[in-house]
Peer 1: 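First the structure, which I've put down as structure tokens, then a few questions once you've had a look.
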Amino acid sequence: MVSGRDAARGGDAHLTLIGIEEHYLTSRVRDAWDAIGLAATDPSAGVHSREIERRLLDLTGERIELMDETGLAIQVLSLTTPGLHDLGAESVDLARRANDAVAEAMVRWPDRLQALAALPVAMPEEAATELERCVRVLGFKGALLSGRVGDRPLDHPDFFPIFESAASLEVPILLHPRTPPAAVRSAYYSGFTPELDAAFALYGLGWHYDAGIQFLRLLLAGTFDRLPGLQLILGHWGEVVLFYAERLAVIDRVSGLEQPIAAYLRRNLYVTASGMFSPDYLAQAAAVVGPDRLLFSTDYPYQYRPGGDARRFLAECGLEDADKAGFAHGNWLRLTCGSSARPV
């Protein structure tokens with residue numbers, strides 16, 4: 001079944017297309033960022049243009065119309081970066097309210113919307129509890145984390161309960177980029193105009209290195225040895241990591257891990273497009289993690305482009321029919337089958 005009035009338009013129209021990294025924002029979360037002046041320390045909190053913010057705040061109106069236009073049958077919603085990572089105890093209530101708002105949208109559009117939980121990451125035990133509620137009660141498919149919390153990387157022992165909860169629930173965690181620390185931005189991404197410095201440190205490059213490093217830290221810390229069933233997702237074709245898989249393999253000599261790094265990439269990692277519609281990047285990702293670990297996404301609304309862009313890329317991506325169906329929706333459904341995945 002293909003959902004949506006126009007989702008069946010274009011090449012490979014019979015394939016249901018699920019975007020697993022599609023973002024939203026709530027006015028409460030935006031106001032909480034403003035209340036602590038977050039934009040002054042994390043430029044990503046202040047980069048949303050009027051049109052982008054309007055689309056982020058809209059859960060069921062224009063969002064559904066643009067899904068139809070681009071050929072996407074289902075969006076998996078996730079709170080945009082920097083999420084709730086810089087908020088303290090108040091993030092527990094903010095997470096619950098954000099997740100409830102998304103759940104209400106899912107009730108309105110049950111065949112069009114799914115979700116990843118927003119978590120109060122600075123409160124790890126509460127975050128683990130909220131993830132369980134989202135999966136067991138609200139029917140969410142997993143969670144999104146936006147990198148480090150303060151000066152603590154995600155492999156810090158404080159955050160282990162979150163990953164332990166995800167592994168127990170058999171749901172994935174999407175590791176989303178966030179802004180590198182101020183000291184890193186100053187050392188590596190500054191010296192130009194303020195606008196260029198921000199672009200370089202954020203969506204130009206800095207975001208993606210930061211997300212890839214968070215994943216590698218989790219791997220090197222032995223997270224997958226402790227939780228062999230844990231599944232993580234990296235956007236943007238692996239956040240640079242996959243393009244250095246051969247080089248990373250030399251770390252096997254000193255890692256002390258149970259498996260070679262290449263084994264974890266094929267056992268514990270999924271990768272998604274994030275609107276970077278490149279057949280070359282797709283081929284590289286498939287070679288490293290395998291075609292059964294490729295997921296589709298458009299990174300809405302940031303990478304939205306009119307003209308049926310998503311479905312056109314699916315038609316021209318170069319995969320054989322079975323792998324193309326997996327990329328379009330099958331791999332996601334298999335990954336989330338333990339979290340009440342709805343037949344499509």
Side-chain angles (χ1 to χ4, degrees), residues 2 4 6-23 66-76 78 172 174-177 203-205 207-209 211-212 215 231-249 261-262 264-335 344:
V2 177
D6 301 319
R9 211 174 47 215
D12 295 278
H14 63 288
L15 291 179
T16 297
L17 196 53
I18 301 177
I20 70 98
E21 186 191 344
E22 319 300 329
H23 298 300
L66 295 184
M67 286 169 61
D68 290 342
E69 193 280 332
T70 200
L72 205 64
I74 296 172
Q75 280 193 359
V76 183
S78 54
L174 172 61
L175 299 185
H176 192 274
Y203 45 83
L205 192 64
W207 266 353
H208 311 295
Y209 276 175
F215 170 78
Q231 300 298 314
L232 300 184
I233 303 169
L234 285 176
H236 308 95
W237 298 118
E239 308 293 6
V240 186
V241 169
L242 300 191
F243 296 94
Y244 283 84
E246 181 179 357
R247 201 68 184 151
L248 290 167
I261 287 175
Y264 299 106
L265 297 181
R266 297 185 73 89
R267 190 190 75 183
N268 300 98
L269 178 63
Y270 284 77
V271 297
T272 188
S274 305
M276 296 172 61
F277 293 154
S278 165
D280 292 336
Y281 287 1
L282 183 152
Q284 172 69 7
V288 176
V289 302
D292 59 340
R293 289 181 166 268
L294 303 178
L295 304 171
F296 198 92
S297 64
T298 72
D299 199 12
Y300 179 89
Y302 302 104
Q303 295 292 334
Y304 168 73
R305 296 175 291 267
D309 203 37
R311 192 160 291 279
R312 182 172 59 251
F313 174 62
L314 180 69
E316 300 171 355
C317 70
L319 293 172
E320 297 296 328
D321 288 348
D323 290 339
K324 185 179 291 186
F327 179 43
H329 63 265
N331 297 339
W332 175 250
L333 294 180
R334 186 180 64 256
L335 173 60
V344 177

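Index from 1, following the sequence.
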Peer 1: Applying side chain to side chain contact (heavy atoms under 4.5 Å, CB included), run through N268 and L232 and close with a yes or a no.
Peer 2: CA-CA 6 Å; N268 300 98; L232 300 184; over 6 Å; no
Peer 1: With a 4.5 Å heavy-atom cut-off, do I233 and I20 have their side chains touching?
Peer 2: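 The answer is yes, as the side chains (C-beta and beyond) meet within the 4.5 Å cut-off.
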Peer 1: How far apart are the C-alpha atoms of F296 and F277, what are their side-chain angles, what is the distance that settles it, and do they pass the ring pair (Phe, Tyr, Trp, His ring centres under 6.0 Å) test?
Peer 2: CA-CA 10 Å; F296 198 92; F277 293 154; 5.5 Å; yes
Peer 1: Within the side chain of R293, is there an N or O that forms a donor-acceptor pair under 3.5 Å with the backbone of L269?
Peer 2: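 Between the backbone of L269 and the side chain of R293 there is a qualifying donor-acceptor contact (under 3.5 Å).
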Peer 1: Under the 3.5 angstrom rule, does the side chain of R334 hit a backbone N or O of D292 as a donor-acceptor pair?
Peer 2: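 Yes; judged by distance alone, with no hydrogens or angles, the pair exists.
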Peer 1: Nearest heavy-atom pair of G238 and V271: which atoms, and what distance?
Peer 2: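 What the structure gives for the nearest pair is CA-CG1, 3.9 Å.
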Peer 1: Does any N or O in the side chain of H329 come within less than 3.5 Å of the main-chain N or O of T16, such that one atom is a donor and the other an acceptor?
Peer 2: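 Yes; at least one donor-acceptor contact below 3.5 Å.
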Peer 1: Taking all heavy atoms of G235 and all of L174, pick out the closest pair and write down the distance.
Peer 2: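 Shortest heavy-atom contact: N-CD1, 4.2 Å.
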Peer 1: Quick one: closest heavy-atom pair of R305 and G275, and the distance?
Peer 2: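 What the structure gives for the nearest pair is NH2-O, 2.9 Å.
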Peer 1: Can you see which heavy atom on N331 is nearest to which on L294, and at what distance?
Peer 2: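 It is ND2-O, 2.8 Å.
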Peer 1: Taking V288's backbone N and O only, do any of them form a donor-acceptor pair with R266's side chain (distance below 3.5 Å, no angle check)?
Peer 2: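 Yes.
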Peer 1: Can you find a pair of side-chain heavy atoms, one from Y300 and one from H23, that are under 4.5 Å apart?
Peer 2: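 Counting from C-beta outward, Y300 and H23 never come under 4.5 Å.
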Peer 1: Measure the shortest side-chain to side-chain distance between D299 and E22 over non-hydrogen atoms and say whether it is less than 4.5 angstrom.
Peer 2: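 Not touching, per the 4.5 Å side-chain cut-off.
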Peer 1: What I'd like to find out is whether the side chain of H176 reaches to under 4.5 Å of the side chain of S78, using heavy atoms alone.
Peer 2: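 SC-SC contact between H176 and S78 ruled out.
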Peer 1: Any side-chain donor-acceptor pair under 3.5 Å between Y203 and Q303?
Peer 2: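 On atom types as modelled, these side chains do not qualify, holding no pair under 3.5 Å.
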Peer 1: Pairs in or reaching into residues 270-279: which pass side chain to side chain donor-acceptor pair (under 3.5 Å), with residues at least two apart or in two chains?
Peer 2: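 Those involving residues 270-279 are E21-S274, T272-S297.
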Peer 1: Within the distance-only criterion (no hydrogens, no angle test), does the side chain of D323 pair as donor or acceptor with the backbone N or O of P291 below 3.5 angstrom?
Peer 2: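 No, the answer is negative, given that no donor and acceptor are paired below the 3.5 Å cut-off.
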Peer 1: What are the two closest heavy atoms between P177 and E239, and how far apart are they?
Peer 2: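 Distance-wise, the nearest heavy atoms are CG-OE2, 3.3 Å.
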Peer 1: How close do L265 and A245 get, counting heavy atoms only, and between which atoms?
Peer 2: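 In terms of heavy atoms, the two residues are closest at CD1-CB, 4.0 Å.
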Peer 1: Does the side chain of K324 reach to within under 4.5 Å of the side chain of C317, using non-hydrogen atoms?
Peer 2: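 Yes - at least one pair of side-chain heavy atoms lies under 4.5 Å apart.
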Peer 1: In plain terms, say whether R312 and D309 are close enough for a salt bridge, that is, a side-chain N and a carboxylate O under 4.0 Å apart.
Peer 2: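 Salt bridge: yes.
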Peer 1: Between F243 and Y281, is the gap from one ring center to the other below 6.0 Å?
Peer 2: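 Yes, the ring centres sit under 6.0 Å apart.
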Peer 1: Mind checking what makes side chain to side chain contact (heavy atoms under 4.5 Å, CB included) contact with A328, not counting sequence neighbours?
Peer 2: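 By the side chain to side chain contact (heavy atoms under 4.5 Å, CB included) rule, A328 matches L15, L17, L314.
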Peer 1: What's the separation between atom CD1 in I18 and atom CG in L295, rounded to the nearest 0.5 Å?
Peer 2: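 Those atoms lie 9.5 Å apart.
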Peer 1: Is any side-chain heavy atom of W237 less than 4.5 Å from a side-chain heavy atom of M276?
Peer 2: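 W237 reaches M276 side chain to side chain.
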Peer 1: How long is the span from the NE2 atom in H236 to the NE2 atom in H208, to the nearest 0.5 Å?
Peer 2: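 NE2 of H208 is found 4.5 Å from NE2 of H236.
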